[in-house]
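First the structure, in the form of structure tokens, and then the observations on it.
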Amino acid sequence: MKQAQTHGTPMKYGMAIDLDKCTGCGACMVACMAENNIPFKEDESDKRVSITWMRIFKLTNGKSFPDSDICYLPRPCQHCEGHEGHSPCVSVCPATATDYSRETGIVSQIVTRCFGCRYCMGACPYHARYFNWWDPVWPDGMEKYLSPDVSPRMRGVVEKCSFCFHRYQLAKNKAYLDGERRVPEAAYQTACTQACPAGAIVFGDLNNPEHQVHQIVKPDSNNGNRSRNPKAFRLLERTGTNTKVYYLSSREWVRRAGDNYLAHEKTGQLAKLHH
Amino acid sequence: MKVDRRSFLSFVIGGAAGTALSPLPWKLMDDSSIWSQMWPWTPVPPDGEVVYEDSTCTLCPGGCGISVRKVDSRAVKIEGQSGHPVNDGSICILGLSGLQMLYGPTRIKSPMKRIGERGEGKWQKISWDEAFAILTEKLTDIRDKGEAHTVAALAGSDSGTVPALIQRFMAAYGSPNFMRSPSYRDVDELTVKALFGADGRTGFDVENADYVLSFGSGFVDGWGSPVRMFKAASLWKEKDIPVVQVEPRLSNSAAKATRWIPINPGTEADLALGIAAVMVANGIADTGDVSGLSGWENDLLANYEPQKVAQTTGIDAAVIVEVAKGFARADRPLALCGRGKAQTAVSLRETAAVYILNALTGNINQEGGMWAIPEADYIQWPDVATDNLASAGLDQPRLDGAGTGKYTDARYLTNRLADSVNGGGPYPLQVLLVAGANPCHYLPDTQHVKAAFARIPFIVSFSSFQDETAAMADLLMPDHVYLERYEDVPVGAGLVQQMIGLSKPVVSPQFNTRHLGEVLIMTAKAMGGSIADAFPWDDYETCLEETLAEKWDTLMETGVWVRADTDPVAGSIQLAGLDAPAVQAEGDVNSFPLLLVPYDSIQLTSGYMGEAPFMIKAVSDTVIQGTDGFIEINPLTASGVGLGEGDRATLTTPRGEALVRVHLFEGIQPGVLAMVRGLGHTAYDGYLAGKGVNVNELIGPVEDPSTGFDAAWGIRAKLDKA
Amino acid sequence: MDSALIPKGVKRCPMWQFLLGLGIVGAVLAWGVYAMLLCWFKGLNQTNMNDYYGFALWIWADLAVIALGGGAFFSGLLKYIIGKDELKNIINYAVLIGFICYSSALLILAIDIGQPLRGWFIFWHANVHSMLTEVAFCLSAYFAVLTIEYIPLILENRQLDKVPFFHNLSHNMHETMAVFAATGAFLSFFHQGSLGGVAGVLFGRPFAFREGLLIWPWTFFLFTWSAAAYGPSFTLLITWITEKVARKKLVKDNVVELLAKISGWMIFTYTIAKICDTTRWANITAPGLGQNLADFYTGNAFYGYWILFAEIILGGVVPAIILISAPLRKNPTWRVTAFFLGVMGVSLNRWVMVLQVMAVPIMPFDTWALYYPSWQEVATTILPVAYGIILIMISYRYLPIFPQEAELNPIEEETAMAVEAHTESTPDLKPANA
Amino acid sequence: MSTLDEKAKAGMEDHAAHGSDAKESGAGGFIILFFIIGFAASMVLGWVIFPKLLYSQKQQPLNFNHALHVEEVGEGCEGCHYFREDGSFSGIPKLAQCTECHEEPMGDTEDEATFVEQYVAKEREVPWLSYSRQPDCVFFSHSAHVIGAKMDCVVCHGHIGESEVSRPYEYNRITGYSRDIWGKDIAGLKKNSWDRMKMDDCAQCHKEAGMIHTSSVQTDRDACFVCHK
């Protein structure tokens, strides 16, 4: 007999990132690297072979001095739900190494299952997936700080942001001990959320009205989970990736930069969602 | 019978069939894939019991509380300490990288003495006993010759027990030459003294201000206590507080401000005074706290009326008036001073102008305003009983000339050290002790500084890392890093209250290093006599505990001691310093048509600490690519020189030249070039060394005649296609 | 000296020439193998691929050779199912070329994956939703079929054929070949299609994404179709090259023209379909996602509208017309030009569907990603070509690939006798020398 | 091909015809025989020799008597293997835990002596070899199974609690897996639930317990991010 693992409604973990607050300082990137045993090389300046589960993009408004403006956009894995969990990467992985969990809404990546075909990387429009082109090597002595909660990856596999799922696992351990069925909001926060000095990142269960992220985003399940918050937008919403990372900005040009629009279309306009 | 080929063939076929029906091929296939899943050369972090230990971060002056996650005896992650008055759970990129410094390969792992040429990097490991012997012998010889004053010490800061012990050691030994790394603190202290007539520092109540006017202060680029400022900036967003950022470049702070006002570099003081003039002229200034205004009012109105200021600053007069009114009419307006991270001094004129601007709002020592408060004064040690040799030495003038002649008000003029060593000083320097400082990387005109260091007969470095200065040393006596030691951390950094944090040993020392405090006490004891008497403590921990007295328990419990109800040093200010001349950029306009200004990034320490690999990894590819460093330039200026995105160019200033690549940026004023501070290391390892250009090598100190501090804010430059 | 192995009634170049040829191509092969070993032991950091270019030259090579190898299944389909019997005179070669293409594809895949030791996960832990899974299964299955189709050819070697067992085996296999041909056609339909699906299902990438029929995007059908259309052209192009190298006619014109004509009509219909697809995509699909052609073909140093023209007009319309029109088709120069253009066209199509897909920025603030392969990638891509040439050399020398060769190139009696005598007088020969 | 060679060789003999004829007729029986020999040999190699080569053994640093400890300490397994406050499982005790009782030698066994001299006195952790260590990519939650599902230790660990001597630690030479995890029986047959602890065994047990979840979109089983990290 099959049963849904969830007790009551399933969870759908997601993020709201306030770009008005984000300063592009990079604390989230490094918090992520430190939390998830992310390796580093002597030269990391070629960003196309530099593993950063959380990456900060710099957006410019294209105007010239002194009307120019910039905005930073932190990009973790967007944990696309796509259509019923068939996110771009999950549906293409030939070996079931990446999967979508109906229980948490998290897109998993199991590196020991992955054999490195990199199809998922081609499928991901956010470049949130990274390949281990090299063996991970820590300078002598530095492997001491590696965390046992996240397994270091070997050469030749794809890795990506897991929404610090190991923290959920640990919180769940505690929950069992305390006889709780659900993991409390505060007990499961990602490393980037916790570190962000500007408090720009809010993480939690988008399905749970008590969670702050739900209150900010107010997802509209009848409308492809789009946000009811006028300041909010999602990256490439029109492709139907149906992401769980929402961005907030009071600046129209920033919101427009979040998706592709034809000249005449107005920001936020949405053609029919695919799938 | 003879085994013919057919029989052999069938034997092989039989073998194949048998093999296929045995586990051999299948298990091998499975196991080889499992082997690839756990390659022996991919590390497996050992599991264990998880504990969190709180401490205080000392990687920058910010004084954040940290909470270190440990698995058994290993520290695996540094997180912000929730509930801490400074950072409440958050943490910055540098603080997060701490473990890479603790466990990093650039640690100095034991005491060493130089065996090769200076700077050659040939060292010999020695025991601590030998190290002590070498040091004490050296110091004793010099002292016995009556030349105690020719020994100097350079520390990162002068607050807290460890620097105090260094100062005490110098006093007992008999040298007036204690110095600290130059920073905005120098001019801040001096200005507070000049305006308030008392010793103290400024504090800024950013959380409660309702209008913020920042003169180039990088409130999200590392100014003040960085994490506190990040939080404040978000608070301002939430409360819709107007934040005006005045600087020539669209910095991250400018981007976070509600309004960015580009200004001609180096004319901030004029704008401040212009705004003051508008306020006075319109009678919206609150002159209650300001004495001496009447004598100055006419000059102010005459010299700084909006049109004139518009001329110098390049800001539209209407804008000046608008800002002045907005600022003056706010309930709790606050003006910030100190460029970027405020790691360098600015001119007395600029500092005074901004502080007076604060005063003219009547918001001094008020909620949301600027405060002038005394340093926490908790180090109460009996005066040193100096012997004759010491007294003689102490009577000598300082090498840097601070406190005498035209520099009476300055306490330290570290920026003049290089000159005096290179022949400008009253007497030759024989020994230099360096602790928590890396002058050979961040002092302006670094080449000049290195040349000076090359001439110092004997240099002792207490650095924990193989930094540029340690590379120039003769004797290395490595200190623990902050995660391995006890230390009191008095926090200034623009806080409006007195605060002391406590660093605790989170892990046992990883290498054969010694606590600097310990080393000083032991050296003193080894030298005996009055010097030993000045250090009555058995060890540093006792010293610390006795010094902190009743605060000790609080610190051990909560990790931080705060005194909120600190009395300001004075309630009102006396106008001063405004007649001081402006500090100009070095170099003449004709041969150097452009202006080079350094900028600060929170992603680079640009201080004593070298950047950890994680930080460099986070740096954008428009700042470093491979080993190439970039300068930011306005597309107009670039096309003028015939340069496109990523092109290589030679950047020349009166002080030096460097090969750079250009990044076109619309957020920078035409004619101005910006280069990030903190890169271009020559020491450390391949993760840091050789990346980018050290901007300090291109910019020389420009002395502010009214203080003696280096107040250079940029330098003239030219750019040629390479 | 190896004349005992050489098919009856045909002439082959002297051994030294043959060995010299083998040596030269072998050197290239060795270079490729060296690069392959580098990739296996040092990892894919040996390539210029990056996180923007997870798929690059290799995947293009895979798609291209499989498309070009399509000649095998399609000629097989024509001969055994549809009953175009003339094609028996070229089917052998079609099969051989197919065999080479598919074995190459599998080899390249084995180099391309980051964890070759776990390659079998694609079968063991298969994800049925993935186009790649479909590719892997059908590809391997069809490769097996090709092997089976190739074996009887080997058995027809003059010496092997003397063995009654082998003789009968190959005979019986010929009998059942129709079954395999049918299977091959069926499998090919799916893996060729899935390869098209690989790009078409990427709904996060408006440049690649296509609507479709049921679970299959239009590219699925376009790929199958194009493989069937261009595959024969490739077979004929290689045949032509072989004839030039061998300096003799190997296949009669009527056979060539028949296949060329079929190929022509296929290309014609395919091109029409491709144009429809492109039009719909450019006017409905992409704009629906907020993008238009300018986003895909401007703003970078390499990918311009020219590539559309080169693929569809030069590589589609032109060869189609040449091969359809009898006079042009009968003119060898025009014909070969058409083959060449066709091969270029389909290769370009595969290139676009792999590399340009990766190059186009999707997030408005992202940038174009251009890439050039490292020498290791180039070498490993040339490797299969060298291997193919070697296999063709050997097969051509010792197997009766071209049934019409003897008839087209009659040898004078005494030479033939001499060959015979020679054969008998040197029975001590071991194929190892071959 | 070999057939061909043989013919070629035959050619070299004077009366080729005879030679070959002889072979055609006589060799049949041998062929079967050789097939059987080859078959048998490889079966022996695969089923008997290979497993021996595949595994190696290590002895525990010192002999540990579980039975005795269970008796002395009481509280069953929890006496030494307990849950920490954060819900994680302590696993093999650290030295400090043993020292609570073993400050001085208890009893006069040789192992006890070595333990106290070599480890307690020198404050060295005992390098125990864990029979049940899962590979690093696995996250196994004891609390989910022991507290949540109320499972008995024996289900996975067998009757180690009753053992009086530490059996040798067997591991796979290629993978480094402990044989307890990898599987006792080369044919993959399980007599007891604890004979093997690979992923399929977890799945099997979950199935039997009626705990098949549908959280995975790909497999309609448990999502990967439950037991993997």
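Chain letters run A, B, ... following the sequence lines, proteins first and then strands; every chain starts at 1.
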Looking at [X] and [Y], would you say the former's side chain and the latter's main chain have a donor-acceptor pair under 3.5 Å?
X	Y	result
A:D99	D:Q218	yes
A:Q169	D:F139	no
A:K172	D:S143	no

Please check if atom [atom1] in [X] has more than 12 non-hydrogen atoms from other residues, nucleotides or ligands closer than 6.0 Å.
X	atom1	value
D:D108	CG	no
D:E164	CD	no
D:R133	CZ	no

Might you point out which heavy atoms bring [X] and [Y] nearest each other, and give the distance in Å?
X	Y	result
A:F165	D:F225	CZ-O, 2.6 Å
D:D136	A:S151	OD2-OG, 2.7 Å
D:H228	A:I110	CB-CD1, 3.4 Å

Value rounded to 0.5 Å, distance of [atom1] in [X] from [atom2] in [Y]:
X	Y	atom1	atom2	answer
A:Y176	D:H142	OH	NE2	14.0 Å
D:M199	A:T112	CE	OG1	8.5 Å
D:C137	A:R153	SG	CZ	12.5 Å
A:D178	D:E85	CG	CD	10.0 Å
A:Q109	D:C224	CD	SG	9.0 Å

Assess the residue pair A:K174 and D:R84 against the criterion (side-chain contact (heavy atoms from CB on, under 4.5 Å)); give the C-alpha distance rounded to whole Å, side-chain angles, the decisive distance to 0.1 Å, and a yes or no.
CA-CA 9 Å; A:K174 183 100 169 73; D:R84 304 193 189 100; over 6 Å; no
Side-chain contact, heavy-atom cut-off 4.5 Å: A:E84 with D:V217?
->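 In short, these two side chains do not touch, never coming nearer than 4.5 Å.
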Indicate yes or no: at least one non-hydrogen side-chain atom of D:T219 is less than 4.5 angstrom from one of A:T96.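 They are in contact (side-chain heavy atoms under 4.5 Å apart), so the answer is yes.
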query = Is there a donor in the side chain of D:S88 and an acceptor in the side chain of A:N173, or the other way round, less than 3.5 Å apart?
reply =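 Checked: D:S88/A:N173 side chains show no N/O donor-acceptor pair below 3.5 Å.
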- Heavy-atom distance under 4.5 Å to chain D: side chain of A:T98, backbone, both or neither?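 Contact with chain D: backbone only.
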- Could you look at D:F83 and say if it's the side chain, the backbone, both or neither that has a heavy atom under 4.5 Å from chain A?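 Contact with chain A: side chain only.
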#### Entry: CA sep, side-chain torsions, deciding dist, call: A:R102, D:D220, side-chain contact (heavy atoms from CB on, under 4.5 Å)
CA-CA 9 Å; A:R102 295 193 185 101; D:D220 258 335; 3.0 Å; yes
